[in-house]
Asker: 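Before anything else, here's the structure in question.
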There are 2 protein chains.
Amino acid sequence: MNSLNTKVWSAETVSADLERAIHEHRLPPGTKLGEDELGEAYGISRTIVRAALLALSHRHLVELKRNRGAFVAQPSVREAREVFEARALLEPRTAWSAAERMTDDGLALLHENIRQEHAALDAGENGRALYLSGQFHIEIARIADQTTIEGFISELISRSSLIIALYWRRRAAMCETQAHHALLDAFEGRDGATAEQLMKSHLLDLIASLDLRNVTQPPASLREALNR
Amino acid sequence: MNSLNTKVWSAETVSADLERAIHEHRLPPGTKLGEDELGEAYGISRTIVRAALLALSHRHLVELKRNRGAFVAQPSVREAREVFEARALLEPRTAWSAAERMTDDGLALLHENIRQEHAALDAGENGRALYLSGQFHIEIARIADQTTIEGFISELISRSSLIIALYWRRRAAMCETQAHHALLDAFEGRDGATAEQLMKSHLLDLIASLDLRNVTQPPASLREALNR
DNA sequence: GCATCGGAAATTGTATACAAAGTTGTGCCC
DNA sequence: GGGCACAACTTTGTATACAATTTCCGATGC
């Protein structure tokens, strides 16, 4: 397929590779992930593919349907709300902690992240920009030195990317880099309270940019959808 | 071994069974979980066992050491702190939500849970009591109608059980049933603010009952420990 | 006695074979 | 032509065979 054969793949690297592809919208929600297909693409047996798909299903990025196969997840409106509820509980306080423990290295990483995101947007690589935008949030948890919370946020960020793929409303380019800039300012001033507040607003903006009315819901079953 | 052969086991049921055993301290931290051993015990092949162990490792209840095997996880002091940090972010607000949405069915379930926990304590079944005590917290998230957060809390609760196994200090019986009673009262009064506050205190009490000084830390490697 | 170096045994890692379930296509019947 | 049944094909589920690695144990040398 591509350069997938040049690397030694393991269940971890394959699932990370797939997660990034999902995050960047190269694998849109609902995509069938056939085991043979993936095995040939990566040059590995189905054993490893299955372990990778299992890992992704535990992160709710892939849905395993018994005897039917693996599909990129399609979060429901309800799940979308829940994901942002969880982020609202975890991220603002974590931003506060990050501000308190901020180091110059941390600031440099965040700066570099924003720079790359701008570059990606300028190059029209929207998927890559979205991925980098997510990494910004994960980097904050890392700076806050909270590995456990970082794991949860990392999963929620990837799920958010699926939600954005399904429910994104604004066609205007992601104006959120402004929010990240503002956060960076707060971090530079080691201002925990402001960082927490900015993160809270940022998440509210994000969910406000989605169309979570039940109308756009993908049909539970094709049969049901057509019988309406 | 026991009645394990009477049931049709799948990766999901096996990992749930193991998780409960870990939660109840029947499988203490550090226990080796051999694949053949488990396969024979449950009457299934290593394929299913591996899928179950993989699931548990994703929940941080089992540590997979490459070419060495699977072991019941031994959370570090640092990890212990992180788990309770995460719980402190998630559970108090979730308790508030639960209070707001509380139903009579929900109250009955919580009541029954406390009753069974008392019964288990009276019967000297400490492991079972600990498990039920965890279920109380998970039930709250369920009543709050937050499936995603419930999943995170469920993982954190199981990890807390490992932490208790390693760092529990008070020999006195778990006095925390008092805390659960107080929470139940707040729920009965649909008093979100009090429920949130009680949950916060409850978690602080819990972490205060642990000995998280670095001294008791199990050595990273036996060799290193002996060379000191 | 102690450390070190094989080599056998045991255990995990990966691929593959076969079974089971689902999907698709064809032809028959009405 | 539409509906249905059955068969061929495709895909996933599980077990097992074999390879790779570690562990255990005893022999060897100092």
Side-chain angles (χ1 to χ4, degrees), chain A residues 1 4-18 27 30-58 61-74 219-227, chain B residues 1 4-18 27 30-58 61-74 218-228:
Chain A
M1 191 176 241
L4 297 178
N5 291 333
T6 63
K7 188 174 172 183
V8 181
W9 294 99
S10 67
E12 289 72 34
T13 54
V14 168
S15 74
D17 196 61
L18 287 173
L27 292 174
T31 306
K32 171 77 184 285
L33 300 172
E35 298 181 358
D36 275 324
E37 199 177 357
L38 289 173
E40 281 181 39
Y42 287 103
I44 53 181
S45 82
R46 284 174 49 215
T47 305
I48 314 289
V49 172
R50 282 177 75 87
L53 291 175
L54 212 49
L56 291 174
S57 82
H58 292 141
L61 300 179
V62 157
E63 190 181 352
L64 297 181
K65 303 185 183 179
R66 172 137 191 131
N67 287 320
R68 303 267 330 280
F71 303 81
V72 177
Q74 298 178 291
S221 76
L222 190 56
R223 178 175 309 278
E224 187 198 338
L226 297 178
N227 281 347
Chain B
M1 191 176 243
L4 297 179
N5 291 334
T6 61
K7 189 174 169 181
V8 181
W9 292 98
S10 68
E12 290 72 34
T13 55
V14 168
S15 75
D17 197 61
L18 287 173
L27 292 174
T31 306
K32 171 78 183 286
L33 300 172
E35 298 181 358
D36 275 323
E37 200 176 356
L38 289 173
E40 282 182 38
Y42 288 102
I44 52 182
S45 83
R46 284 174 50 217
T47 306
I48 313 289
V49 172
R50 283 177 75 86
L53 291 174
L54 212 50
L56 291 174
S57 83
H58 291 139
L61 300 179
V62 156
E63 191 180 353
L64 296 180
K65 303 184 182 178
R66 172 140 191 127
N67 287 320
R68 304 264 330 281
F71 303 81
V72 177
Q74 298 179 292
S221 78
L222 189 57
R223 179 172 308 277
E224 187 197 338
L226 296 177
N227 281 347
R228 287 195 208 131

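A, B, ... follow the sequence lines: proteins, then strands. Residue 1 opens every chain. Treat the numbers as computed from the prediction; the structure is a model and nothing was measured. In what follows, every heavy atom counts, from backbone to side chain, and hydrogens, waters and symmetry copies are set aside.
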Asker: From C:dG13, D:dG13, C:dT14, pick the nucleotide closest to the side chain of A:N67?
Answerer: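 Shortest atom-to-atom distance from the side chain points to D:dG13.
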
Asker: Rounded to the Å, how far apart are A:L33 CG and D:dT10 P?
Answerer: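 To the nearest whole Å, that distance equals 20 Å.
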
Asker: When you look at B:W9 and B:D17, which way does the side chain to side chain contact (heavy atoms under 4.5 Å, CB included) test go after all the steps?
Answerer: CA-CA 10 Å; B:W9 292 98; B:D17 197 61; 3.8 Å; yes

Asker: Please determine if a side-chain N or O atom of B:K65 lies less than 4.0 Å away from the OP1 or OP2 oxygen of D:dT23.
Answerer: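 No, outside the criterion.
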
Asker: Using whole Å, report how far CG of A:D36 lies from C1' of D:dC9.
Answerer: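 It works out to 13 Å between those atoms.
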
Asker: Base, sugar-phosphate, or nothing for B:R50, non-hydrogen atoms under 4.0 angstrom?
Answerer: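 B:R50: base contact, heavy atoms under 4.0 Å.
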
Asker: For residues B:L53 and B:A70, report the shortest heavy-atom separation together with the two atoms involved.
Answerer: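 Taking B:L53 first and B:A70 second, the nearest heavy atoms are CD1-CB, 3.8 Å.
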
Asker: Rounded to the nearest 0.5 Å, how far apart are CG of A:D36 and OG of A:S45?
Answerer: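 One gets 10.0 Å once the value is rounded to the nearest 0.5 Å.
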
Asker: Let me know the distance between CG of A:L54 and P of D:dT14, rounded to the nearest Å.
Answerer: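 Distance, rounded to whole Å: 11 Å.
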
Asker: OH of A:Y42 versus P of C:dA15: gap in Å, rounded?
Answerer: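 Roughly 15 Å, once rounded to whole Å.
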
Asker: Give the intermediate values and the outcome of side chain to side chain contact (heavy atoms under 4.5 Å, CB included) for residues B:L64 and B:L54.
Answerer: CA-CA 8 Å; B:L64 296 180; B:L54 212 50; 3.7 Å; yes

Asker: Write down the distance between CG (B:L64) and C1' (D:dT21), rounded to a whole number of angstrom.
Answerer: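 B:L64 atom CG is separated from D:dT21 atom C1' by 16 Å.
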
Asker: Hey, which of these two, A:R68 or A:I48, hits DNA chain C nearer its 5' end, going by closest nucleotide?
Answerer: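 Taking each residue's closest nucleotide, the earlier one in sequence belongs to A:I48.
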
Asker: Run the side chain to side chain contact (heavy atoms under 4.5 Å, CB included) check on B:L18 and B:V62 step by step: do they pass?
Answerer: CA-CA 10 Å; B:L18 287 173; B:V62 156; over 6 Å; no

Asker: For the pair made of CG in B:L53 and P in C:dT11, what is the distance, rounded to whole Å?
Answerer: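 One finds 15 Å between P of C:dT11 and CG of B:L53, rounded.
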
Asker: Regarding D:dG13, can its base be found pairing with the side chain of A:R46 as donor and acceptor, where the two atoms are less than 3.5 Å apart?
Answerer: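 Check passes, donor-acceptor contact within cut-off.
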
Asker: Give a yes/no on whether any side-chain N or O of A:T47 is located under 4.0 angstrom from OP1 or OP2 of C:dT14.
Answerer: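 For C:dT14, OP1/OP2 do not have a side-chain N/O of A:T47 under 4.0 Å.
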
Asker: Could you give the CH2-to-C1' distance, from A:W9 to C:dT14, as a whole number of Å?
Answerer: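 Rounding to the nearest Å, CH2 of A:W9 and C1' of C:dT14 are 18 Å apart.
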
Asker: Taking the side chain of B:E35 as heavy atoms from C-beta outward, which of C:dT12, D:dT16, D:dT12 is closest to it?
Answerer: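 The answer is C:dT12.
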
Asker: Closest approach to the side chain of A:R66, judged atom by atom: which nucleotide of D:dG13, D:dT12, C:dG13 is it?
Answerer: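 Of the options given, the side chain of A:R66 lies nearest D:dG13.
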
